**Q** 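Here you go, one structure.
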Amino acid sequence: TYVVTDACIKCKYMDCVEVCPVDCFYEGENMLVINPSECIDCGVCEPECPAEAILPDTEDGLEKWLEVNTKYSESWPNITVARDAPADADDFKGVEGKFEAHFS
Ligand code: SF4
Ligand code: F3S
């Protein structure tokens, strides 16, 4: 599966939503997550994200993000149509420590 990581937090560019063939993105207040049991590993969302927030879970150190994506995709609503990114999205691009400060 692919997973959304902390780079998405407060950026939420939404480009990923439009390209997923199985509509497996779920929306929290400040980030999206992927439902790992629905993702078909097609990989098309990865290069679409301007924040480079989407990674294959085969990369090292992503266990936490697999857990976050699995857990929150069960309760957050499905999102299939992209809206505009937050007005201040670019201010949070590449910023460290977003999980601790802004995860929701
Ligand atoms: Fe959707 Fe493909 Fe991305 Fe999985 S890898 S979330 S199926 S676009
Ligand atoms: Fe987030 Fe990137 Fe999608 S910032 S909303 S994972 S395009």
Side-chain angles (χ1 to χ4, degrees):
T1 187
Y2 281 69
V3 292
V4 185
T5 65
D6 55 341
C8 177
I9 296 170
K10 299 280 270 178
C11 284
K12 225 180 176 183
Y13 287 111
M14 303 258 186
D15 304 66
C16 53
V17 171
E18 291 290 318
V19 298
C20 181
V22 295
D23 291 339
C24 65
F25 283 91
Y26 292 77
E27 184 181 20
E29 191 178 333
N30 289 335
M31 79 175 286
L32 305 193
V33 291
I34 289 168
N35 183 328
S37 61
E38 294 174 344
C39 173
I40 58 170
D41 253 340
C42 71
V44 302
C45 57
E46 182 183 11
E48 293 298 322
C49 175
E52 298 181 12
I54 303 175
L55 298 169
D57 80 327
T58 46
E59 286 195 16
D60 286 346
L62 293 184
E63 295 81 7
K64 166 183 164 178
W65 290 102
L66 181 58
E67 275 176 37
V68 166
N69 281 248
T70 301
K71 178 176 175 188
Y72 289 93
S73 61
E74 284 171 11
S75 55
W76 288 353
N78 188 224
I79 176 167
T80 59
V81 178
R83 297 187 313 277
D84 289 340
D88 58 354
D90 291 346
D91 295 344
F92 289 95
K93 193 173 171 184
V95 170
E96 300 283 323
K98 293 196 286 185
F99 183 78
E100 293 72 16
H102 303 293
F103 177 76
S104 63

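Whatever order the structure lists them in is the order used to number ligands and atoms, beginning at 1. Residues take their numbers from the sequence shown, with the count starting at 1. Computed from a predicted model, the values in this text were never measured in an experiment.
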**Q** Closer than 4.0 Å to some heavy atom of Leu32 - which atoms of ligand 2 meet that?
**A** 5 (S)
**Q** Over all heavy atoms of both residues, which pair between Glu48 and Val44 is shortest? Give the atoms and the distance, please.
**A** CG-O, 3.4 Å
**Q** Are any of the side-chain heavy atoms of Ile54 and Ile34 separated by less than 4.5 Å?
**A** yes
**Q** Which bit of Ile40 gets closer than 4.0 Å to ligand 1, counting heavy atoms only: side chain, backbone, both or neither?
**A** both
**Q** Classify the side-chain pair Asn30/Ser104 by whether it contains a donor and acceptor separated by less than 3.5 Å.
**A** yes
**Q** Just jot down the ligand 2 atoms closer than 4.0 angstrom to any heavy atom of Asp15, in number order.
**A** 7 (S)
**Q** N/O/S of Cys49 less than 2.8 Å from atom 1 (Fe) of ligand 2?
**A** no
**Q** Measuring only between side-chain heavy atoms, which start at C-beta, is Tyr72 closer than 4.5 Å to Phe103?
**A** yes
**Q** How far is atom 2 (Fe) of ligand 1 from its nearest protein heavy atom, and which residue and atom is that?
**A** Cys42 SG, 2.2 Å
**Q** Considering non-hydrogen atoms of the protein only, which is the closest contact for atom 1 (Fe) of ligand 1, and what is the distance?
**A** Cys20 SG, 2.3 Å
**Q** Identify, by atom number and element, the atoms of ligand 1 in contact range of Pro21, meaning under 4.0 Å from any of its heavy atoms.
**A** 8 (S)
**Q** State the atoms of ligand 1, each with its element, that fall below the 4.0 Å cut-off from a heavy-atom position in Val44.
**A** 8 (S)
**Q** Tell me, which protein residue and heavy-atom name are nearest atom 3 (Fe) of ligand 2, and how many Å apart are they?
**A** Cys16 SG, 2.3 Å
**Q** Decide, yes or no, whether a salt bridge links Glu27 with Arg83 under the criterion of side-chain N to carboxylate O below 4.0 Å.
**A** yes
**Q** Among all protein heavy atoms, pick out the one at the shortest distance from atom 4 (Fe) of ligand 1; state its residue, atom name and that distance to 0.1 Å.
**A** Cys39 SG, 2.3 Å
**Q** Which is it for Ile54 and ligand 2 at heavy atoms under 4.0 Å: side chain, backbone, both or neither?
**A** side chain
**Q** Distance under 4.0 Å to a non-hydrogen atom of Met14: what atoms of ligand 2 satisfy this?
**A** 3 (Fe), 5 (S), 7 (S)
**Q** Within a reach of under 6.0 Å around CD of Glu52, are more than 12 heavy atoms found that belong to other residues, nucleotides or ligands?
**A** no
**Q** Would you say Cys16 contacts ligand 1, with heavy atoms under 4.0 Å as the rule?
**A** no
**Q** Does Cys45 bring an N, O or S atom to under 2.8 Å of atom 2 (Fe) of ligand 1?
**A** no
**Q** Would you confirm whether the ring centroid of Phe99 sits within less than 6.0 angstrom of the ring centroid of Trp65?
**A** yes
**Q** May I ask you to list the atoms of ligand 1 that are less than 4.0 angstrom from any heavy atom of Phe25?
**A** 6 (S)
**Q** Is it true that the side chains of Asp84 and Tyr13 contain a donor and an acceptor less than 3.5 Å apart?
**A** no
**Q** Between Val68, Leu62, Thr70, which is the residue that forms a side-chain contact (heavy atoms from CB on, under 4.5 Å) with Leu66?
**A** Thr70
**Q** Show which atoms of ligand 1 fall inside a sub-4.0 Å distance from at least one heavy-atom site of Cys24.
**A** 1 (Fe), 6 (S)
**Q** To the nearest 0.1 Å, how far is atom 5 (S) of ligand 1 from its closest protein heavy atom, and which atom is that?
**A** Gly43 N, 3.2 Å
